[in-house]
Amino acid sequence: MKSLFTFLMLLVTQFLWAQNPANLKVFLKDVLAFPLGASINPRLLDDNMNYRERAGSEFNSLTAENHMKMVNIHPAADRFDFEKGDELVRFAQNRNMRVHGHTLVWHNQVATWMKDFKGDTQAWEMMLKNHIQTVVTHYQGKIAGWDVVNESFLDDGTLRPSIWADHIPDYIAKSFIWAHEADPKAILFYNDYGQDGKPKKMQAILNMVQDFKMRNIPIDGLGLQMHISVQSSNEAMEEVVRKSAATGLKIHFSELDVAVNPKNNPEFVYDDTAKDEQLSKYLCVFKAFQEVPVAQQYGITTWNVGDGDSWLRGYFKRPKEYPLLFDEAYRPKSAYRILMQSLKKYEK
Ligand code: G3I
């Protein structure tokens, strides 16, 4: 009787042990032939041990979700704040992870002093060049690649109005040149979202790449953000990947998440059907990435770690959204486990 009890206790202990993801010896990143990344909130690394543990074990590439953007890293004309970015870099370096920089130039999360900046074209150029080169130089040798310019085109393929477009002619090309001058080894990306189903936007980006090649502007990669949902078209997504890869540039699925409740239905239940739909979308995305020629595979980065950390819940205020591979308690979801099984055949 006593030995039966001991045996049952052993079984229960083993079951509980297996439920803790930290005890799984093989991670999804281990079965992939390319880096698997996440965007990270360094504040959560400090405050939440589960977050820290998951971020530190599941990924081999990290991106700052917000802390390297202009508003945070360059809060005043004469002041840069590298504290949180440096913390993230140290965290990654201690674990042999790559760091991807996000983002040098964007129309959003611009510092107030930049919005208020007054000056002629030359003064604007000096200001942006100084921003780019100070940040890139600070992280030279520590950050492998940069989203140099983010989201510059509208859906109709025209240049998005912004303080940069308004004040600096050809600002996208100039930004790449300035970034390259500061760190010639950094892999430089143009990053954007929603090219699927928006042929004019897609074409504008491809035209820009073509033009940059002709002018010897140092662009190395295209970031396809991949903020998609279970309703997104697989064919449209695959076409964007094919066309982007045909440029010969490196490809980064840079901000992946798969929304299950895109209309923000308050009654939404994240049931097995929703989980299955989400899983097939994740599978489709990973398989599309594996179709990219190996030398061009920069990696896949999910936009944060657990469902509770997603911008869709915070920034977009969609409480019933579950877009990532880990739940609120950082347990791997079924999609994570099945991705690992399905992708095993591509083992390194
Ligand atoms: O840090 C402040 C905090 O001090 C303050 O108390 C709080 C009050 O609202 O705001 C906090 O800042 C927020 C920040 O996220 C950190 O949570 C900003 O208001 C909020 O605007 C910001 O949202 C970010 C959003 O970009 C801004 O456009 C999201 O976290 C971030 O995930 C999102 O990321 C972008 C990529 O950079 C580019 N592609 C699209 C992607 C999703 O929008």
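In each ligand, atom 1 is the first atom listed, and ligand 1 is the first ligand listed. Every heavy atom of this structure was used, including side-chain atoms; hydrogens, water molecules and symmetry mates were not.
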Does atom NZ of Lys213 have more than 12 heavy-atom neighbours, drawn from other residues, nucleotides or ligands, at distances under 6.0 Å? yes
Is there at least one pair of N or O atoms, one from Trp106 and one from ligand 1, spaced under 3.5 Å apart? no
Does this structure show an ion pair linking Arg54 with Glu58, if we count only N-O contacts that are shorter than 4.0 Å? yes
Under 4.0 Å from atom 13 (C) of ligand 1, is there at least one protein heavy atom? no
Around Asn96, counting heavy atoms of other residues, nucleotides and ligands shown, do more than 12 lie under 6.0 Å from its CG? no
Ignoring hydrogens, just give me the one of Trp303, Tyr193, Tyr315 whose non-hydrogen atom is nearest atom 34 (O) of ligand 1. Trp303
Min N/O separation Glu255 to ligand 1 under 3.5 Å: yes
Heavy-atom proximity to atom 31 (C) of ligand 1, best of Glu65, Gln109, His227, Arg43: Glu65
Please identify which atoms of ligand 1 are closer than 4.0 Å to at least one heavy atom of Asn108. 28 (O)
Please state whether the rings of His131 and Phe80 are parallel, tilted or perpendicular, taking 30° and 60° as the class boundaries. parallel
Atom 16 (C) of ligand 1 - nearest protein heavy atom and its distance: Asn66 ND2, 3.6 Å
Given the options Leu36, Asp30, Leu32, Asn60 meets side-chain contact (heavy atoms from CB on, under 4.5 Å) only with Leu36
Measure up the Tyr139 and Trp146 rings against each other and bin them: parallel (under 30°), tilted (30 to 60°), perpendicular (over 60°). tilted
Heavy-atom protein neighbour under 4.0 angstrom from atom 1 (O) of ligand 1: no
Hey, is atom 8 (C) of ligand 1 touched by any protein heavy atom at less than 4.0 Å? no
Location of contacts on Asn150 toward ligand 1, heavy atoms closer than 4.0 Å: side chain
Does atom 28 (O) of ligand 1 have a protein heavy-atom neighbour under 4.0 Å away? yes
In plain terms, say whether Glu65 and Arg43 are close enough for a salt bridge, that is, a side-chain N and a carboxylate O under 4.0 Å apart. no
Minimum non-hydrogen distance to atom 33 (C) of ligand 1, winning option of His102, Met68, Gln225, Lys69: Lys69
Would you verify that at least one protein heavy atom lies under 4.0 Å from atom 23 (O) of ligand 1, or report that none does? yes
Are the charged groups of Lys201 and Asp196 less than 4.0 angstrom apart, N to O? no
Answer yes or no: is there a side-chain heavy-atom contact under 4.5 Å between Val135 and Ile73? yes
Counting each atom of ligand 1 from 1 as listed, which ones have a heavy atom of Trp311 under 4.0 Å away? 32 (O), 42 (C), 43 (O)
When you measure from atom 20 (C) of ligand 1 to the protein, is at least one non-hydrogen atom found at a distance under 4.0 Å? yes
Using a distance threshold of 4.0 Å (strictly less than), state whether atom 5 (C) of ligand 1 has a protein heavy-atom neighbour. no
Mark whether atom 39 (N) of ligand 1 lies under 4.0 angstrom from at least one protein heavy atom. yes
Please verify the inter-ring angle class for Phe117 with Trp124; under 30° counts as parallel, over 60° as perpendicular, anything in between as tilted. perpendicular
For the pair Phe253 and Phe289, name the ring-plane relationship: parallel under 30°, tilted 30 to 60°, perpendicular over 60°. perpendicular
